[in-house]
Amino acid sequence: MHCSVWRFTGDPDELERGYRELMAQIPESNHVLHAAARTPDGLLIFDTCPSEEAYRAFFGSDHVRALFAEHGLREGVVEDFPVVAAYARRSEVTDGTWDAA
């Protein structure tokens, strides 16, 4: 699993609105582990992909970049890293899924 951390600086209200509009266009089934947080000066997004290759293919596409820009999410600072451990719903995420018990 691979994670990316996106940091957008600007009006937190506008960035959150754009983020929520963007997320309405992406199927929930695409999100195994995803979170967004308002910061005093913007928005922070944490997202995971099954692999670094999947991350690069998705976020490197012109379509996805245009979609982010369409919703005011431009010029974000992006960092990406391999995941060493992940937890969701109090369960460890190992293969992109978790035990929803």
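Both backbone and side-chain heavy atoms feed into the values below; hydrogens, waters and symmetry mates do not.
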Query - By side chain to side chain contact (heavy atoms under 4.5 Å, CB included) - contacts of P27 (at least two apart) - result: S29, N30

Review item, side-chain donor-acceptor pairs of residues 70-77, under 3.5 Å, at least two apart:
from: H71; atom 1: ND1; to: E21; atom 2: OE1; distance (Å): 3.4
from: H71; atom 1: NE2; to: Q25; atom 2: OE1; distance (Å): 2.7
from: R74; atom 1: NH2; to: A69; atom 2: O; distance (Å): 2.9

Report summary line: In this structure, CG of L15 is separated from CZ of R20 (nearest 0.5 Å) by 12.5 Å

Under 3.5 Å, which donor-acceptor pairs link side chains of residues 51-58 to any protein atom two or more places apart or in another chain?
from: S51; atom 1: OG; to: E53; atom 2: N; distance (Å): 3.4
from: S51; atom 1: OG; to: E53; atom 2: OE1; distance (Å): 3.4
from: S51; atom 1: OG; to: A54; atom 2: N; distance (Å): 3.0
from: E52; atom 1: OE2; to: R56; atom 2: NE; distance (Å): 3.1
from: E52; atom 1: OE2; to: R56; atom 2: NH2; distance (Å): 2.8
from: R56; atom 1: NH2; to: D80; atom 2: OD2; distance (Å): 3.2

Query - Spacing of NE2 belonging to H2 relative to CZ belonging to F59, to within rounding of 0.5 Å - result: 10.0 Å

Report task. Please list, chain by chain and in numerical order, all residues satisfying side chain to side chain contact (heavy atoms under 4.5 Å, CB included) with D41, sequence neighbours excluded. Result -> T9, T39

Query raised in the report: Would F46 end up clustered with F81 when hydrophobic side chains under 4.5 Å apart are linked, directly or stepwise?
Result: no

Query raised in the report: So, do I45 and F8 sit near enough that their side-chain heavy atoms are less than 4.5 Å apart?
Result: yes

Requested in this report: Compare all side-chain heavy atoms of V78 with those of V5 and state whether any distance is below 4.5 angstrom.
Outcome: no

Query raised in the report: With sequence neighbours left out, what residues match R38 under salt bridge (Lys or Arg N to Asp or Glu O under 4.0 Å)?
Result: D13, E16

Report task. Check the pair R7 / L43 against side-chain contact (heavy atoms from CB on, under 4.5 Å), numbers first and verdict last. Result -> CA-CA 6 Å; R7 201 175 287 277; L43 187 71; over 6 Å; no

Report summary line: The side chain to side chain donor-acceptor pair (under 3.5 Å) partners of S4 (sequence neighbours excluded) come to W6

